[in-house]
**Q** 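I have a structure I would like to understand better, so I am pasting it below and will then ask my questions one at a time.
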Amino acid sequence: MSSQITITLPDGSERQLDQGATVGDLAASIGSRLAKAAVIGSVNGTERDLVWPLADGDQVSIITETDERGLYTIRHSTAHVLAQAVLDLFDGATFAIGPPVENGFYYDFELPDGGTFTPDDLERIDARMREIIKEHQPFIRDEITEAAALELFRDHKYKCEIIRGAAEDPMSATETGLVRTYENPPQFIDLCRGPHVGDTGRLGHFKLMRVAGAYWRGDEKNPMLQRIYGTAWPSKKELEAYLTRLEEAEKRDHRKLGVELDLFSFPEEIGSGLAVFHPKGGIIRRIMEDYSRARHEQAGYEFVYSPHITKSNLFEKSGHLDWYADGMYPPMELDGGTEYYLKPMNCPFHILIFGSGQRSYRELPLRLFEFGTVYRYEKSGVVQGLTRARGFAQDDAHIFCTLEQAPAELARALDFVLDLLRDYGLDDFYVELSTKPETKAVGTDEEWEEAIEVLRTVALDKGMTLVMDEGGGAFYGPKISVQARDAIGRTWQMSTIQLDFQLPQRFDLSYVGADNERHRPVMIHRALFGSVERFFAVLLEHYAGAFPAWLAPVQVRVLPVRDDHDEFARELVTQLKSAGFRADMVVADEPLGARIRKAKMEKLPYVLVVGDDDVARGTVGVNPRGGDVERDITIENFIARLSADVANHS
RNA sequence: GCCCGGGUAGCUCAGUUGGUUAGAGCGCCUGUCUUGUAAACAGGGGGUCAAGGGUUCGAAUCCCUUCUCGGGCUCCA
């Protein structure tokens, strides 16, 4: 009879441990560094606490703080400490759910009499949390009956809802009649599936970030709870790195850069969510649009235009008024009682263009493109800079084709958008596939399945990583959307491609086939920027305002050293302009250093300094953004260099 | 729309427990300086303190309403 048990590790090796050994003991037997880094273990595929006793024959892997699951455990345990602190400090407070999330955790609370947390409260809570951490309270797992749990949590109505199964909490799996809890003695206990760190002393590298409102169970009809968000990391270094990253992101916030670089603004006189583009922003935008137009022309798209307002019946027919009337600006009523709406989208107009005459299969695929300005009455709380505006231009295309042509057209459209996004400087993508919404959808399940399969096949054929987004489609069809990572690793939803069998039916579209019979076309909705304004914002943040030469509002600034170099500088600017570049100069009214500094703060790609030597020899001093100063460069060489930058989009 | 926190000069901000004509830096204008690679010097103009109402002898400051911005929730055709 052996007093040893045998454990199998992930690499297939085996280890002998004493009877009763725990996950933590196993980690310690492998090495002290592992024991220190260990957070939880995976025992036969289930995550367990470090104090979990092992049995002979278990397959175990040690999960450390560098593993995502380990990190999530640290965050989850920190959320428990937050809850303990709040319940401790606020009489009558009750708690709901508190999961780990990306970069941190949150916990939802309800304070008596509709109370709310203040920033000062956060400091007090933070201080109490650090005391709890110092106390090294263990996390003790238990399983109790539902009746016992209801008694234990009788003062906490949200917990009781979870125990009864009336509300879901991903963190507290309950089974029939059995409720799992974790206790931090002496006084805190929470419903929880676990696992958790060994004791609260394992935690500490956290920061409470903000207070926010959040509806119970995410439903706006439910009471609003007070949510406290925090961030938590395995080490101080990682916490600080995260906070630094937040600062970086804040520095490149397009709303801030838009003001600093004088690109656009949101005058209060116009209204929330409605932007004006200033001259410099206008140049960038115009070049973005011009390039897009040129590429669309090459790719066989035809350009159309449609008005900004339409009679209501158009959107009744399309179905948009059924689903999105709340999101539209209210109608203008004319004398005869006719209602006109600002258009929230362009599809029905393009459909009318398709339907304006009898179409032959020979005309298909018909690809209609428009920079169509649309207006959506976004709820006041969601408007955000250029990324969520109330008026914006879509680079909207609708491709009408036969069912048979659809897969090839979709593949072609996906290639096209990826290629074009790369030209704008984004090159790290994955694809999301959004399926039928639970409510808000028209068409049969079979039609939807068919369309989803087509999209799935197209995305997978491109070798793209595919992430499912269940229920995220438009009401008329599923969509694939390209997600792009920017320079600091954030992902943005960019282009969408949607396959639609519904609107052609609603508008009774047809074409005459080779068999001389009428057939129903299918429709592909496709936007590359989605919204020109939003794409502008993404690029602005991606480049942190340092636009590549092809997009930069001013590509070259010429600075004469003294005012007797002004004439040479002026001629140089004229020469650059006639070569097609955007150049300006700043006369020598203030020291060169000051003028250089201003140009750098404007993030210009090139500053040219011209002085005595340059006037004598016809050269320039080149000060490139992010590079070293080069002297005595001939004008020809500089022009060749700038031309190459523009051509390469670099 | 809901919860929390803001709104002072073009920008970034200061403005004690309510107390004279509301300040600074940058930017802007004028003058001086004549400059070789990230801030020359001097002077000047600029704010009905988001708007409206209230409390008070007195409001940028306290209260209410509206507008608006930020962080979240919900939403995003």
Side-chain angles (χ1 to χ4, degrees), chain A residues 106 108 114 116-119 121-122 209-229 250 253 255-256 259-260 262 265-273 315 318-328 343-348 374 376-385 387-389 394 437 440-441 472-477 479 493 496 498 500 503 525 527 530-531 534 559-566 587-601 607-614 620-624 628-632:
Chain A
Y106 67 79
D108 286 347
T116 58
F117 294 110
T118 66
D121 290 336
L122 282 191
M209 303 299 284
R210 61 181 66 94
V211 187
Y215 299 108
W216 167 234
R217 297 170 61 193
D219 187 330
E220 61 183 327
K221 291 180 204 74
N222 286 337
M224 180 156 282
L225 307 176
Q226 296 296 307
R227 174 171 299 178
I228 295 177
Y229 278 97
E250 202 176 321
D253 186 311
R255 291 164 298 194
K256 191 174 154 76
V259 173
E260 286 172 9
D262 193 20
S265 61
F266 290 91
E268 286 206 13
E269 293 85 341
I270 299 177
S272 177
F315 289 119
S318 70
H320 289 96
L321 267 175
D322 289 345
W323 305 121
Y324 297 107
D326 286 351
M328 291 166 68
K343 67 172 171 183
M345 30 109 62
N346 305 296
C347 329
V374 299
R376 297 179 180 180
Y377 191 74
E378 300 288 1
K379 287 196 274 185
S380 60
V382 309
V383 171
Q384 206 210 26
T387 52
R388 193 84 180 268
Q394 293 183 310
K440 281 197 184 183
F475 73 86
Y476 47 73
K479 72 177 179 197
Q493 177 176 318
T496 63
Q498 295 165 278
D500 176 10
L503 292 181
H525 303 245
S531 139
R534 198 179 109 91
L559 301 178
V561 174
R562 263 193 332 272
D563 58 7
D564 48 342
H565 308 125
D566 279 4
V587 297
D589 271 349
E590 56 188 337
L592 182 63
R595 288 177 287 150
I596 298 265
R597 180 168 186 272
K598 280 172 190 162
K600 292 294 177 189
M601 291 199 298
V607 177
L608 301 185
V609 174
V610 292
D612 290 334
D613 300 347
D614 302 295
V620 296
V622 179
N623 186 334
D628 295 330
V629 171
E630 301 158 51
R631 292 284 299 270
D632 306 318

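Computed from heavy atoms alone, side chains included, the values below leave out hydrogens, waters and symmetry copies. Proteins get letters first, then strands, A, B, ... in listed order; numbering begins at 1 in each.
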**Q** Is the base of B/rG36 touched by the side chain of A/Asp612 through a donor-acceptor pair closer than 3.5 angstrom?
**A**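 Not at all, since no donor on one side and acceptor on the other fall under 3.5 Å apart.
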**Q** Please work out whether the ring planes of A/Tyr324 and A/Phe475 are parallel, tilted or perpendicular, with thresholds of 30° and 60°.
**A** tilted
**Q** Given that both distances must come in under 3.5 Å, which nucleotide forms a Watson-Crick or G-U wobble pair with B/rA40?
**A**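 B/rA40 is paired with B/rU32.
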**Q** Could you work out the separation of B/rA59 and B/rG52 based on their P atoms and round it to a whole Å?
**A**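 The answer is 14 Å between these two P atoms.
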**Q** Is A/Val587 close to A/Asp563 at the side-chain level, that is, under 4.5 Å between some pair of heavy atoms?
**A**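 No. Closest side-chain heavy atoms not under 4.5 Å.
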**Q** Across nucleotides 24-29 of chain B, 5' to 3', mark each nucleotide with B, S or - according to how protein heavy atoms within less than 4.0 Å reach it.
**A** ---S--
**Q** Taking distance alone, no hydrogens or angles, what donor-acceptor pairs closer than 3.5 Å link side-chain atoms of residues 210-222 of chain A to residues at least two apart or in another chain?
**A**
unit_1   : atom_1 : unit_2   : atom_2 : d
A/Trp216 : NE1    : A/Glu161 : OE1    : 3.4
A/Arg217 : NH2    : A/Ala166 : O      : 3.4
A/Asp219 : OD1    : A/Lys221 : N      : 2.9
A/Asn222 : ND2    : A/Trp216 : O      : 2.8

**Q** Would you call A/Asp589 and A/Arg595 a salt bridge, using N to O less than 4.0 angstrom?
**A**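 Not counted as a salt bridge, because no side-chain N and carboxylate O are separated by less than 4.0 Å.
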**Q** Need one value for A/Ser380: base, sugar-phosphate or nothing, where a base atom within 4.0 Å counts as base even if backbone is also close, heavy atoms only.
**A**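 Here A/Ser380 touches the bases of the nucleic acid.
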**Q** Provide the distance between the two C1' atoms, one in B/rA60 and one in B/rC26, to the nearest whole Å.
**A**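 B/rA60 and B/rC26 have their C1' atoms separated by 23 Å.
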**Q** Rounded to the nearest angstrom, tell me the gap between atom CD in A/Glu260 and atom P in B/rC13.
**A**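 Roughly 11 Å, once rounded to whole Å.
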**Q** Distance check needed: B/rA40 P versus A/Leu592 CG, whole Å only.
**A**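 Those two atoms, CG and P, are 10 Å apart.
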**Q** Rounded to the nearest Å, what distance is computed from the NZ atom of residue A/Lys600 to the P atom of nucleotide B/rA38?
**A** 9 Å
**Q** With no hydrogens and no angle check, is any side-chain donor or acceptor of A/Asp121 less than 3.5 Å from a backbone partner on A/Thr118?
**A** yes
**Q** Between B/rG5 and B/rA9, how far apart are the C1' atoms? Round to whole Å, please.
**A**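 Rounded to whole Å, the distance is 24 Å.
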**Q** Please walk me through it: do A/Asp326 and A/Lys379 pass salt bridge (Lys or Arg N to Asp or Glu O under 4.0 Å)?
**A** CA-CA 9 Å; A/Asp326 286 351; A/Lys379 287 196 274 185; over 6 Å; no
**Q** Base, sugar-phosphate or nothing for A/Tyr476? Non-hydrogen atoms, less than 4.0 Å.
**A** sugar-phosphate
**Q** By nearest nucleotide on RNA chain B, pick out whichever of A/Gly114 and A/Arg376 is the more 5' one.
**A**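 Per heavy-atom nearest nucleotide, the more 5' residue is A/Gly114.
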**Q** Please give, in whole Å, the distance from B/rA77 P to A/Gln394 CD?
**A** 10 Å
**Q** Identify which nucleotide among B/rG1, B/rC33, B/rG36 has an atom closest to any side-chain atom of A/Val561, counting heavy atoms from C-beta outward.
**A** B/rG36
**Q** Can you pull every protein N or O that's under 3.5 Å from an N or O on nucleotides 73-75 of chain B?
**A**
unit_1 : atom_1 : unit_2   : atom_2 : d
B/rC73 : OP1    : A/Tyr229 : OH     : 3.4
B/rC73 : O4'    : A/Gly213 : O      : 3.1
B/rC73 : O2'    : A/Tyr215 : N      : 3.1
B/rU74 : O2'    : A/Glu220 : OE2    : 3.2
B/rU74 : O2     : A/Lys379 : NZ     : 2.9
B/rC75 : O2     : A/Arg388 : NH2    : 2.7
B/rC75 : N3     : A/Arg388 : NH1    : 3.2

**Q** Roughly, in whole Å, what's the span from CD in A/Gln493 to C1' in B/rA77?
**A**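 Value for this atom pair: 12 Å.
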**Q** Side-chain contact test, heavy atoms from C-beta onward, threshold under 4.5 Å: evaluate it for A/Asp614 versus A/His565 and give yes or no.
**A** no
**Q** Looking only at side-chain N and O atoms, does A/Gln384 come under 4.0 Å of OP1 or OP2 in B/rG71?
**A**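 Yes, A/Gln384 has a side-chain N/O under 4.0 Å of OP1/OP2 on B/rG71.
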**Q** According to a strict under-4.0 Å criterion, is A/Arg255 in side-chain N/O contact with OP1 or OP2 of B/rG71?
**A** yes
**Q** What's A/Asp614 touching, base or sugar-phosphate or nothing? Going by heavy atoms closer than 4.0 Å.
**A** base
**Q** Under a 4.5 Å cut-off applied to non-hydrogen side-chain atoms, are A/Tyr476 and A/Gln498 in contact?
**A**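 Side chain of A/Tyr476 against side chain of A/Gln498, heavy atoms only: contact under 4.5 Å found.
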**Q** Does the structure show a Watson-Crick or G-U wobble partner for B/rA24, both distances under 3.5 Å? Name it, or say none.
**A**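 The answer is B/rU12, by the H-bond criterion.
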**Q** Starting from P on B/rA77, measure out to CG on A/Leu321 and report it in whole angstrom.
**A** 16 Å
**Q** In whole Å, I'd like the distance from the CD1 atom of A/Ile228 to the P atom of B/rG5.
**A**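 The answer, rounded to whole Å, is 13 Å.
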**Q** Does B/rC69 have its OP1 or OP2 closer than 4.0 Å to a side-chain nitrogen or oxygen of A/Ser272?
**A**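 For A/Ser272, the contact criterion (side-chain N or O under 4.0 Å from OP1 or OP2 of B/rC69) is met.
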**Q** Say whether, by atom type as modelled, one donor and one acceptor occur between the side chain of A/Arg376 and the main chain of A/Gly327 under 3.5 angstrom.
**A** no
**Q** On RNA chain B, nearest-nucleotide positions of A/Val259 versus A/Gly271: which is more 5'?
**A** A/Val259
**Q** Can you tell me the pairing partner of B/rG18 across any strand shown, Watson-Crick or G-U wobble, with both distances under 3.5 angstrom?
**A**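 Matched B/rG18 with nothing under the 3.5 Å cut-off.
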**Q** Considering only the P atoms, how many Å lie between B/rU8 and B/rG1, rounded to the nearest integer?
**A**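 Their P atoms lie roughly 23 Å apart.
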**Q** Within a strict 4.5 Å, meaning less than it, do heavy atoms of the A/Asp612 and A/Arg562 side chains meet?
**A** yes
**Q** Under 4.0 Å between any heavy atoms, over every strand shown, what does A/Val383 touch: base, sugar-phosphate, or nothing? Just pick one.
**A**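 If one applies the 4.0 Å heavy-atom cut-off, A/Val383 turns out to touch the sugar-phosphate alone, with no base involved.
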**Q** If we take the P atom in both B/rA14 and B/rC73, what is their distance in whole Å?
**A**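 The same atom, P, in both gives a distance of 28 Å.
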**Q** Between P on B/rC67 and CD on A/Glu268, what's the gap in Å once rounded to a whole number?
**A**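 Atom CD in A/Glu268 sits about 12 Å away from atom P in B/rC67.
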**Q** Between B/rG58 and B/rG18, how far apart are the two P atoms, rounded to whole Å?
**A** 15 Å
**Q** Suppose we define a pair by two distances each less than 3.5 Å, Watson-Crick or G-U wobble; what does B/rC2 pair with here?
**A**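 The base-pairing partner of B/rC2, which may sit in any strand shown, is B/rG72.
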**Q** Please work out if A/Asp613 contacts a base, only the sugar-phosphate, or nothing of the nucleic acid, heavy-atom cut-off 4.0 Å.
**A**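 The residue A/Asp613 makes base contact.
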**Q** Looking only at heavy atoms, what is the nearest atom pair of A/Pro344 and A/Met328, with distance?
**A** CG-CG, 3.8 Å
**Q** Reckon A/Gly611 touches a base, only the sugar-phosphate, or nothing at all at heavy-atom distances under 4.0 Å?
**A**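 Answer is base: heavy atoms of A/Gly611 come under 4.0 Å of a base.
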**Q** Give the nucleotide from the list B/rA38, B/rA77, B/rA40 with an atom nearest to the side chain of A/Ala594.
**A**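 Per side-chain heavy atoms of A/Ala594, the pick is B/rA40.
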**Q** Which base, if any, makes a Watson-Crick or G-U wobble pair with B/rC62, both distances under 3.5 Å?
**A** B/rG54
**Q** B/rG19 and B/rU56: how far apart are their C1' atoms, nearest whole angstrom?
**A** 12 Å
**Q** Taking the P atom in each of B/rU37 and B/rG43, what is the distance between them to the nearest angstrom?
**A** 29 Å
**Q** Please pick, from B/rC3, B/rG36, B/rG72, the nucleotide with the shortest atom-to-atom distance to any side-chain atom of A/Val609.
**A**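 The answer is B/rG36.
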